[in-house]
Each structure stands twice: as structure tokens, then as C-alpha cells.
Amino acid sequence: MDRRRDDGYEFTSDPDRLDLGLVHDWLSTDAYWALGRSRDTVDRSVAGSLVYGVYRPGDGRQVAFARAVTDSATFAWLCDVYVDPAERGRGLGTWMVGAVRDHLAGLGVHRVLLATKDAHGVYARLGFSPLAEPGRWMERRPA
């Protein structure tokens with residue numbers, strides 16, 4: 001799936017376009033949920049997910065990343081949503097997540113979960129809301 005904004009930023013679901021070294025650097029050094037994540041873990045997580053990137057006009061440098069862990073039929077977990085700090089404030093994260101949501105919906109995936117510490121407003125604008133039945137959901141965390 002490819003989209004282009006009027007200002008030239010490009011969104012794609014093509015995994016071959018990803019700069020995995022850059023993605024690893026972003027996640028392992030700046031993303032609160034992934035600090036210290038190894039390159040091997042990033043590579044394996046990308047291999048097992050649908051992945052998305054946003055690329056800058058002109059030089060085509062990657063400026064954002066997201067991935068969805070999904071069965072591509074009924075359910076997805078949206079995670080590792082990241083926008084380069086130098087590119088923030090341009091609506092790229094909202095645009096990217098909207099494109100991911102649309103891509104997943106086109107596959108028939110209508111239940112998409114995510115977790116965020118500080119971006120509830122961004123996701124709410126795209127139709128996300130707190131769990132309707134949080135008491136039904138469970139999780140297992142390492143000891």
C-alpha cells in the first residue's frame with residue numbers, strides 16, 4: 001500500500017524500503033517501550049509483522065515507522081509507532097497511523113489494539129478508544 005501527501009511525504013507498506021539500522025537506533029535509544037532492544041530482536045519483529053514507513057520528499061530518507069502484529073484477517077496489535085524527532089509536529093504520525101488503520105481494514109482486520117503512555121489524543125482522533133471491556137482482557141508479563 002502506498003500513499004503520498006501533497007507535501008511529498010510518502011507512506012508505504014513495502015518492507016524492502018525500511019532502513020532497519022535506523023529503525024533499530026530509534027527504538028533502542030529513544031523509544032521508552034523499547035530501550036535497549038537488540039538489533040536481532042528488531043529484525044525478527046519486523047520479519048513477523050506487517051511494517052510501514054514514511055519517507056521524506058527529496059532525499060527519500062525514512063522518517064517514521066510502525067508495525068502491526070496480525071493474522072491479516074481478524075486482529076492486529078499496532079506497535080512500535082515512531083516518528084523521527086526532527087520531523088515531529090507535521091502530522092506524520094497521525095497520517096501514518098491512519099494509513100495503517102486503512103490498510104488493515106482493507107484486509108478485513110477490524111479489531112486493532114495498541115498501548116500508549118502519552119499519545120491517547122492522537123489515537124483518539126483516529127477512532128481508537130479505551131477498551132470497552134477491560135475486565136475481559138488478560139496479559140502475561142515476565143516475572
Side-chain angles (χ1 to χ4, degrees), residues 1-57 61-143:
M1 171 188 198
D2 296 329
R3 288 188 180 174
R4 186 178 302 273
R5 290 193 343 175
D6 290 342
D7 60 5
Y9 283 93
E10 183 183 359
F11 167 89
T12 184
S13 59
D14 180 356
D16 293 332
R17 295 262 325 258
L18 293 176
D19 179 341
L20 288 178
L22 180 61
V23 170
H24 171 253
D25 185 57
W26 285 337
L27 295 177
S28 67
T29 66
D30 192 46
Y32 67 84
W33 64 91
L35 293 175
R37 187 177 289 175
S38 73
R39 173 63 190 260
D40 179 63
T41 298
V42 169
D43 290 350
R44 288 185 296 120
S45 70
V46 164
S49 304
L50 295 180
V51 291
Y52 306 92
V54 174
Y55 301 86
R56 189 166 53 202
R61 182 180 182 274
Q62 186 175 350
V63 297
F65 172 77
R67 69 185 181 94
V69 181
T70 182
D71 61 9
S72 297
T74 64
F75 176 81
W77 170 41
L78 177 60
C79 54
D80 291 341
V81 176
Y82 187 90
V83 177
D84 187 311
E87 300 287 336
R88 292 179 188 166
R90 301 169 204 243
L92 293 173
T94 303
W95 179 63
M96 176 175 64
V97 171
V100 170
R101 176 203 57 203
D102 296 348
H103 183 240
L104 293 169
L107 298 173
V109 175
H110 295 291
R111 176 164 290 185
V112 180
L113 294 184
L114 61 84
T116 184
K117 182 171 80 172
D118 56 4
H120 297 82
V122 170
Y123 295 112
R125 287 192 296 274
L126 295 163
F128 289 87
S129 61
L131 288 174
E133 299 179 78
R136 296 181 86 179
W137 292 89
M138 297 178 71
E139 70 176 329
R140 180 182 175 277
R141 292 183 182 217

* Would you name the heavy atoms of Val109 and Ala73 that are closest together and state the gap between them? => CG2-N, 3.5 Å
* Structure fact -> d(Arg39 CZ, Leu27 CG) to nearest 0.5 Å is 11.0 Å
* Asked: For Pro85, what residues pass the side-chain contact (heavy atoms from CB on, under 4.5 Å) criterion, not counting sequence neighbours?
  -> Asp30, Tyr82, Arg88
* How close do Asp19 and Gln62 get, heavy atom to heavy atom, and via which atoms? -> N-OE1, 2.8 Å
* Excluding sequence neighbours, so at least two apart, what forms side chain to side chain donor-acceptor pair (under 3.5 Å) with Arg125? -> none
* To do: Among Val69, Val97, Thr70, find the one that has a side chain to side chain contact (heavy atoms under 4.5 Å, CB included) with Leu78.
  => Val97
* Charged N to carboxylate O under 4.0 angstrom, Asp80 versus Arg37? -> yes
* To do: Would you name the heavy atoms of Ala76 and Leu104 that are closest together and state the gap between them?
  => CB-CD1, 3.9 Å
* To do: Given side chain to side chain contact (heavy atoms under 4.5 Å, CB included), test Val81 with Met96 step by step and report yes or no.
  => CA-CA 9 Å; Val81 176; Met96 176 175 64; 3.9 Å; yes
* Find the distance between CZ (Arg3) and CG (Asp102) and round it off to the nearest 0.5 Å. => 4.5 Å
* Asked: What heavy-atom pair brings Trp95 and Glu10 nearest, and what distance separates the two atoms?
  -> CH2-C, 3.8 Å
* To do: Check the pair Val42 / Phe65 against side chain to side chain contact (heavy atoms under 4.5 Å, CB included), numbers first and verdict last.
  => CA-CA 12 Å; Val42 169; Phe65 172 77; over 6 Å; no
* Asked: Stepwise, does the side chain to side chain contact (heavy atoms under 4.5 Å, CB included) test hold for Leu92 with Asp84?
  -> CA-CA 10 Å; Leu92 293 173; Asp84 187 311; over 6 Å; no
* Should the pair Arg90 and Tyr9 be classed as cation-pi, given the thresholds of under 6.0 Å to the six-membered ring centre and 45° from the axis? -> no
* If only atom types and distance count, is the side chain of His24 paired as donor or acceptor with the main-chain N or O of Thr41 below 3.5 Å? -> no
* Structure fact -> Between Arg67 and Ser49, the two heavy atoms sitting closest are NH1-OG, 2.8 Å
* Under the ring-ring contact (aromatic ring centres under 6.0 Å, His included) rule, what pairs show up with a residue in residues 33-54, not counting sequence neighbours? -> Phe11-Tyr52, Tyr52-His103
* Closest approach of Phe75 to Trp77 (non-hydrogen atoms, all atoms of both residues) -> CE2-N, 4.1 Å
* Asked: Which pairs, with at least one residue in residues 130-143 and sequence neighbours excluded, count as a salt bridge (charged side-chain N to carboxylate O under 4.0 Å, His left out)?
  -> Glu133-Arg136, Glu139-Arg141
* Would you mind listing every side-chain hydrogen bond (donor to acceptor under 3.5 Å, both in side chains) that reaches into residues 110-122, with sequence neighbours excluded? => none
* Structure fact -> Sequence neighbours excluded, the answer for ring pair (Phe, Tyr, Trp, His ring centres under 6.0 Å) partners of Tyr123 is Phe128
* Checking side chain to side chain contact (heavy atoms under 4.5 Å, CB included) for the pair Ser13/Leu50: CA distance, chi angles, key distance, verdict? -> CA-CA 7 Å; Ser13 59; Leu50 295 180; over 6 Å; no
